[in-house]
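Step one of this worksheet: look at the structure below.
Keep in mind the model is a prediction, meaning the values are calculated, not measured.
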Amino acid sequence: LAKAETLPQSQGVVAVAHVSHFGDEFLVTVSHFSQELDSYALPSIVYRLHQNAEGAREWVPVQTYYTYGATQVVSFRIKRDVFLAIANYYNGSSHHVQSEVVRFSVVDAQGQYTPVPILRANQSIATVGARAVAHFHGTGSPAVRDEMLLFTSEHNDTIHFLVWDRDAAQ
């Protein structure tokens with residue numbers, strides 16, 4: 001492998017997730033701590049793979065959102081919807097920081113495609129110093145199998161096990 005490029009504007013990045021949605025490719029970063037800003041509350045960045053005027057492909061920052069001492073991000077798909085699960089660890093004063101599940105969309109409220117993803121909070125998870133998050137499927141056909149998330153909380157020795165509620169869409 002050879003170095004292709006350096007992603008701009010990334011401070012304190014500790015984890016990256018890949019999202020392929022409606023033919024576009026995205027990288028979602030989460031940041032933990034910036035020594036330059038002396039902060040855990042950091043703008044994490046979504047990059048979109050873009051073809052420039054010369055025909056070269058490059059990752060371009062298209063969206064930011066704040067994370068709080070984030071340690072991990074995973075992307076997962078349920079039917080046509082894409083979600084991000086983000087493990088937040090510390091906000092600068094407390095480990096009692098909500099981790100979150102975020103809906104990732106490239107379709108606006110009118111059903112029109114947008115090249116800038118829309119990130120909407122879907123659910124907050126009461127973690128205490130979350131270190132990891134994992135997504136996995138239960139057994140069975142895709143129409144009936146359970147979608148599951150695990151969040152670890154380092155400071156209260158808890159593993160939060162969540163099963164997707166199809167009726168509530170969360």
Side-chain angles (χ1 to χ4, degrees), residues 1 3-37 39-52 56-92 95 97-109 111-127 129-137 147-154 160 162 164 169-170:
L1 298 174
K3 181 177 176 182
E5 67 181 293
T6 300
L7 299 181
Q9 303 175 2
S10 54
Q11 291 187 359
V13 173
V14 294
V16 178
H18 173 258
V19 174
S20 181
H21 199 34
F22 286 96
D24 283 327
E25 303 296 323
F26 298 91
L27 293 178
V28 179
T29 67
V30 294
S31 298
H32 181 70
F33 180 76
S34 168
Q35 290 182 341
E36 181 180 323
L37 300 174
S39 180
Y40 288 91
L42 296 170
S44 294
I45 300 172
V46 177
Y47 297 88
R48 180 175 174 262
L49 189 58
H50 172 76
Q51 189 165 347
N52 66 24
R57 292 165 42 114
E58 61 188 357
W59 293 102
V60 176
V62 293
Q63 179 69 279
T64 60
Y65 61 100
Y66 273 81
T67 54
Y68 301 92
T71 54
Q72 194 169 15
V73 59
V74 297
S75 66
F76 61 98
R77 184 180 304 275
I78 297 178
K79 297 182 182 174
R80 293 183 55 140
D81 294 322
V82 173
F83 296 90
L84 305 171
I86 301 166
N88 284 316
Y89 178 74
Y90 186 67
N91 66 8
H95 289 97
V97 179
Q98 300 285 314
S99 290
E100 55 193 340
V101 177
V102 176
R103 187 180 300 262
F104 182 103
S105 180
V106 291
V107 178
D108 66 18
Q112 299 298 311
Y113 169 81
T114 175
V116 176
I118 299 164
L119 305 176
R120 290 189 189 100
N122 194 73
Q123 185 173 358
S124 294
I125 313 300
T127 55
R131 281 288 188 184
V133 59
H135 167 261
F136 57 98
H137 306 285
E147 302 288 339
M148 294 169 258
L149 285 174
L150 289 176
F151 284 90
T152 64
S153 287
E154 178 179 351
H160 300 272
L162 305 153
W164 192 261
Q170 62 182 22

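Contact annotation: the side chain of V107 approaches that of F22 to within less than 4.5 Å [non-hydrogen atoms, C-beta and beyond]. At a threshold of 4.5 Å between non-hydrogen side-chain atoms, the residues T127 and Y89 do not count as touching. A heavy-atom distance below 4.5 Å is found between the side chains of H21 and R77. In this structure, the side chains of V16 and H18 stay at 4.5 Å or more apart for every pair of heavy atoms. Side-chain contact between L42 and Y68: absent, with no pair of heavy atoms (C-beta onward) separated by less than 4.5 Å. Side-chain contact between Q11 and L37: present, with at least one pair of heavy atoms (C-beta onward) separated by less than 4.5 Å. Under the 4.5 Å side-chain criterion, counting only non-hydrogen atoms from C-beta, F104 is not in contact with Q63. Contact annotation: the side chain of L84 approaches that of V19 to within less than 4.5 Å [non-hydrogen atoms, C-beta and beyond].
S153 OG to H160 NE2: the interatomic distance, rounded to the nearest 0.5 Å, is 3.0 Å. Here the straight-line distance linking atom CZ of R48 with atom CG of L27 works out to 12.5 Å at 0.5 Å rounding. Here H50 contributes atom NE2 and R57 contributes atom CZ; the two are 11.5 Å apart, rounded to the nearest 0.5 Å. Note that CG of D24 and OG1 of T114 are 10.0 Å apart. Values are rounded to the nearest 0.5 Å. With rounding to the nearest 0.5 angstrom, the OG1 atom of T64 is 9.0 Å from the CG atom of L119. The line from CZ of R120 to CD1 of I118 is 5.0 Å long, rounded to the nearest 0.5 Å.
Under 3.5 Å, the side chains of S124 and E100 contain no donor-acceptor pair of N or O atoms. Using a 3.5 Å distance cut-off with no hydrogens or angles, the side chains of S44 and T67 do pair a donor with an acceptor.
Partners of D81 according to the side-chain hydrogen bond (donor to acceptor under 3.5 Å, both in side chains) rule, which considers only residues two or more places apart in sequence or in another chain, are R103. In this structure S75 satisfies the side-chain hydrogen bond (donor to acceptor under 3.5 Å, both in side chains) test with no other residue, sequence neighbours excluded. Checked against side chain to side chain contact (heavy atoms under 4.5 Å, CB included), V133 has the following partners two or more places apart in sequence or in another chain: Q72, V74, A85, A87, L149, F151.
Considering all non-hydrogen atoms of both residues, S31 and P43 come closest at OG-O, 4.2 Å. Taking every heavy atom of both residues into account, E25 and W59 meet most closely at O-CZ3, 3.5 Å.
More than 12 heavy atoms of other residues, nucleotides or ligands shown are found within 6.0 angstrom of CZ on R131.
N88 places a side-chain N or O within donor-acceptor distance of the main-chain N or O of Q98, the cut-off being under 3.5 Å.
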*For H32 and T71, run side-chain hydrogen bond (donor to acceptor under 3.5 Å, both in side chains): C-alpha distance rounded to whole Å, both residues' side-chain angles, the deciding distance at 0.1 Å, then the answer.*
CA-CA 6 Å; H32 181 70; T71 54; over 6 Å; no
*Test Y47 against L7 for side-chain contact (heavy atoms from CB on, under 4.5 Å), laying out the working first.*
CA-CA 8 Å; Y47 297 88; L7 299 181; 3.9 Å; yes
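Taking the six-membered ring where tryptophan is involved, the planes of F76 and F83 are essentially parallel, since the angle between them stays under 30° and well short of 60°. The aromatic rings of Y40 and Y90 sit perpendicular, their planes meeting at an angle over 60°, well past the 30° parallel limit.
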